[in-house]
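Within every chain, numbering begins at 1; the chains are lettered A, B, ... in the order of the sequence lines, protein sequences first and strands thereafter.
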Amino acid sequence: MKLTGSKIFVESLRAEGVEVVFGYPGGAVLHLYDEIYRSKSPRHILCRHEQGGVHMADGYAKATGKPGVALVTSGPALTNAITGLATAYMDSIPLVVFSGQVPTHLIGNDAFQEADNLGLTRSCTKHNFLVRDVKDLAYTIKQAFHIATTGRPGPVLVDLPKDVTAATCEFTYPQSIKMKYYNPTMQGHPGQIKKAVAALLEARKPVLYIGGGVINANAAPEMTELAELMGAPVTPTLMGLGGFPGDHPLSLGMLGMHGRYATNMAVNSCDLLVAIGARFDDRVTGKLDEFSMNSKKIHIDIDPTSIRKNVHVEIPIVGDSKVVIQQMLDAMKSGGKFKGHPSKLKPWWNQIREWQDQHPLTYEQGPGDLSAMYVIDKIYEMTRGEAIVATDVGQHQMWTAQMYHFKNPRCNLTSGGLGTMGYGYPAAVGAQTAYPDKLVLAVVGDGGFVMTMQEVITAVENNLNVKACIINNRNLGMVRQWQQYFYDRRYSFIDLSVAPDFVKLAEAFGCVGLRASKAEEVVPVLEKAFSTPRPVIMDFQVAYEENVMPMVPSGAPLSKMLLV
Amino acid sequence: MRRTISVLVENEAGVLSRIANLFSARGYNIDSLSVAETLDASVSCMTIVTHGNDQIIEQITKQLHKLINVIKVTDLTEGDHIEREMVLIKVTTEPATRAEALRVADIFRAKVVDVTPKSFTVEVTGGDKKIDGIIALLRPLGIKEIVRTGRIAIGRGN
């Protein structure tokens, strides 16, 4: 039987097992929305801005491991969606985003709401497609999901001209797909595995440095087994938080620009650095020439371009983190060479403990202003590191990374690569869509929150009970911190004192608003929020000038941390 | 170091733009680029001449590989290969230099493809040195316009 392009779209999403689409209708996608209405499928969540919609799909994908799907119309909708695509691309999040396009005969004519969607998204997607013929539609959708979810995951855009969604053809959804020239390597090369295991055995001062790839590959259990077998310290990147239990005795917490003193010292002094699903980002390495200079390096990554991009690596292994770690574990366990290995790392641990004692991560909550770190510490205590926590970008993000010890993977939703302010709240909405009964927090700054706060309406409409914690210091804290340290406190346009009353705003949106400005109010506010079965916005009025420490100044080596 | 990289791509709309975009977005240099269909009309071959240190070249080949439409990437510089470029050179000549210009063309086995009373155009094919050589010799005689194809290259033997 012949189906319209719109019906094919709906049926293809059903065949892919898509549970929910985040979208916003418009002229070029009218046929699609009509079919969604008539088919009552897929479930559709109406975002209030396309950037928010794509961040929701991103949060959904991060939390579930399934591809996030968004649907936007042509022109301005697509340009709005670009921030979401770029965010997902930098963090390797599997998304399939469908955009409407003007009818094929108008493409290139500067038609109403026309944009060069392929051209605009080429550099912020893993791949993109324009479907010019309805006969190609089903196969293109199949390809899009395949590309988004395999290898190094990423967003894929499918551009759908309006006439293609109206045209008809026979529909069969391809069961499987074989792309001749796209075959990501999963298995590590046996020779390299052998070399890596020999290096692991030999090392007396190893550090396991793990990134978002461990979470993408669902390799957290293997990761824990590897660390425990070696007795080696583990440091996650911002994206890797939760890839190894944050409260595990072997965890050193995050490394890099705002990493702990002991962690950065360990990375810079180790004799073997094992990077797994991490990419030696500048926020991690600091000054490259002086980064972990005396260590041998093993780098496991599914994306060959990540290897030797920034740092020279002695033992590169291209492959899926989960598969490669399992290969290493198999080799390590045969012959029992690693029995009792942890005791050999005792002197190394003594050194690390010494560094930890020298400069522990602390804060003081005195009688005066409320400390943001105190708030985040209480959030951690009350949720025991088990909540899904989305953050925005800035100081609150770093404090969350430092103090919220994520126990499980897929609970830390943050924009690590692109650093997108406004990501946190909609990402939390996306995660809450997937898990309506889980506790989902959006820890956001007062700057980032207002960038996408229209999505509170989406949360209210769909009874998505996101608990937003605004760490409200009435300024752009991270920018202010840099201006304090490197621009002699010339605070240029960071003041956000003129802002809405967030409690009243919450009420205006139709959700619950709560406020705490003293330390003793924090726990009661959190308790009230967590027990309220509605979306809540909490306004934590914290100190104006609190800093994220330690801090590696931009361009400085990791060893040159500012500690106060 | 200069490298000649041969890239087989699926012959689809926008592929050239993907490749060009990759180079510009990551700050790699394209010294020349030529592209046309292969025997199989669904596949095009691009010859890209670029330069950079070993690490950059390694990244360029890996990044090219990563593009979904790219079938095969070969760094021809690593093996024995043949490079050719074709150039059309329009020379304006005074009667006094005309014979000299034609002699130069003849020495380089360039073909005269267009003649007018005041100019002639030659077609010359060859490697880098030959092309640079004829340009150097014709320049003082009056080159009016020059159009180069960019290099194409093929590996020797199998």
(request) Please answer whether the main-chain N or O of A/K309 pairs with a side-chain N or O of B/Q55 as donor and acceptor at a distance below 3.5 Å. (result)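 Such a contact is found between B/Q55 side chain and A/K309 backbone.
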(message) Donor-acceptor pair, distance only, cut-off 3.5 Å: does the side chain of B/K62 make one with the backbone of A/I307?
(response)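 Yes, B/K62 side chain to A/I307 backbone: donor-acceptor pair under 3.5 Å.
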(request) Calculate, to the nearest 0.5 Å, the distance between atoms NZ and NZ belonging to A/K126 and B/K66 respectively. (result)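 Atom-to-atom, A/K126:NZ and B/K66:NZ are 8.5 Å apart.
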(request) Drop me the distance from B/I68's CD1 to A/Y182's OH, to the nearest 0.5 angstrom. (result)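 Here the rounded value is 5.0 Å.
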Would you call [X] and [Y] a side-chain contact if the rule is heavy atoms closer than 4.5 Å?
X	Y	result
A/N128	B/R18	yes
B/S17	A/R122	yes
B/H65	A/T305	no

Please classify the contact between [X] and chain B as side chain, backbone, both or neither, with a heavy-atom cut-off of under 4.5 Å.
X	result
A/N183	neither
A/L130	neither
A/D303	side chain
A/R132	neither

Got more than 12 heavy atoms from elsewhere within 6.0 Å of [atom1], [X]?
X	atom1	result
B/D54	CG	no
B/I154	CD1	no
B/N53	CG	yes

(request) Under 4.5 Å heavy-atom distance to chain A, tell me which part of B/Q63 shows up: side chain, backbone, both or neither. (result)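 Both parts, backbone and side chain.
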(message) With a 4.5 angstrom heavy-atom cut-off, is it the side chain or the backbone of B/E10 that approaches chain A, or both, or neither?
(response)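 Just the side chain, heavy atoms under 4.5 Å.
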(request) Could you tell me which non-hydrogen atom of A/Y181 sits nearest to which non-hydrogen atom of B/I71, and how far apart they are? (result)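 Between these two residues, the closest heavy atoms are CE2-CG2, 3.2 Å.
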